[in-house]
Amino acid sequence: MNDAVLTQTTNINPGLAAIGYGLGAIGPGIGVGLIFAAVINSTARQPEMRGKLQTIGYSTFVLSEVLALIGVVVYFIASNR
């Protein structure tokens with residue numbers, strides 16, 4: 001009877017991985033919002049710097065989104081799929 005209980009284990013790893021990715025995606029989401037809010041504020045203050053500010057904004061956007069993509073990879077590794 002004890003052996004039957006030990007062989008029936010439940011794998012909760014995919015569920016925990018999904019929760020972890022969901023929490024990990026909050027950071028890049030907030031970061032993207034702050035980046036573009038800063039670009040909009042800076043462009044409103046100095047419209048002649050619009051081109052440089054957009055370049056900086058998009059490059060930092062890419063760096064922030066890489067964190068979310070790494071989170072997707074770690075999710076699939078942790079969930080064994």
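Just so you know, these numbers come straight off a predicted model, no measurement behind them. Scope of the values below: all heavy atoms of this structure, side chains included, with no hydrogens, waters or symmetry mates.
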A.B. asks: If you take all heavy atoms of Leu53 and Ser42, which pair is closest and at what distance?
C.D. replies: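 So the minimum-distance heavy-atom pair works out to CD1-CB, 3.4 Å.
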
A.B. asks: Do Leu69 and Val73 come within less than 4.5 Å of each other through their side chains, counting heavy atoms only?
C.D. replies: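 They are not in contact (no side-chain heavy atoms under 4.5 Å apart), so the answer is no.
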
A.B. asks: Going from OG1 on Thr60 to CZ on Phe36, what distance comes out if it is rounded to the nearest 0.5 angstrom?
C.D. replies: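 Rounded to the nearest 0.5 Å, the OG1-CZ separation comes to 7.0 Å.
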
A.B. asks: Of all the heavy-atom pairs spanning Val32 and Phe61, show the shortest one and how long it is.
C.D. replies: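 What the structure gives for the nearest pair is CG2-CD1, 3.6 Å.
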
A.B. asks: For the CD1 atom of Ile70 and the CD atom of Glu65, what is their distance to the nearest 0.5 Å?
C.D. replies: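 If we round to the nearest 0.5 Å, Ile70:CD1 and Glu65:CD are 11.5 Å apart.
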
A.B. asks: Side chain of Ser59, backbone of Ile56: donor and acceptor closer than 3.5 Å?
C.D. replies: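 Judged by distance alone, yes, a pair lies under 3.5 Å.
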
A.B. asks: Provide the closest heavy-atom pair for Ser64 versus Ile35 in the form atom of the first, atom of the second, distance.
C.D. replies: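 Nearest heavy atoms, Ser64 then Ile35: CB-CD1, 4.2 Å.
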
A.B. asks: If I compare all heavy atoms of Pro28 with all of Ala68, which pair ends up nearest, and what's the gap?
C.D. replies: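 Looking at all heavy atoms of both residues, the shortest contact is CG-N, 3.8 Å.
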
A.B. asks: Under the 4.5 Å side-chain heavy-atom rule for ILVMFWY, direct or indirect, which residues accompany Leu67?
C.D. replies: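 ILVMFWY cluster around Leu67 holds nothing else.
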
A.B. asks: Quick one: pull up OH in Tyr75 and CD1 in Ile19 and give me the separation to the nearest 0.5 Å.
C.D. replies: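 Answer for the OH-CD1 pair, Tyr75 versus Ile19, is 10.5 Å.
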
A.B. asks: With side-chain contact (heavy atoms from CB on, under 4.5 Å) as the test, would you mind laying out the steps for Val74 and Tyr21 before giving the verdict?
C.D. replies: CA-CA 8 Å; Val74 170; Tyr21 174 65; over 6 Å; no

A.B. asks: How long is the span from the CD1 atom in Ile40 to the CZ atom in Arg45, to the nearest 0.5 Å?
C.D. replies: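 Ile40 atom CD1 to Arg45 atom CZ measures 13.5 Å (nearest 0.5 Å).
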
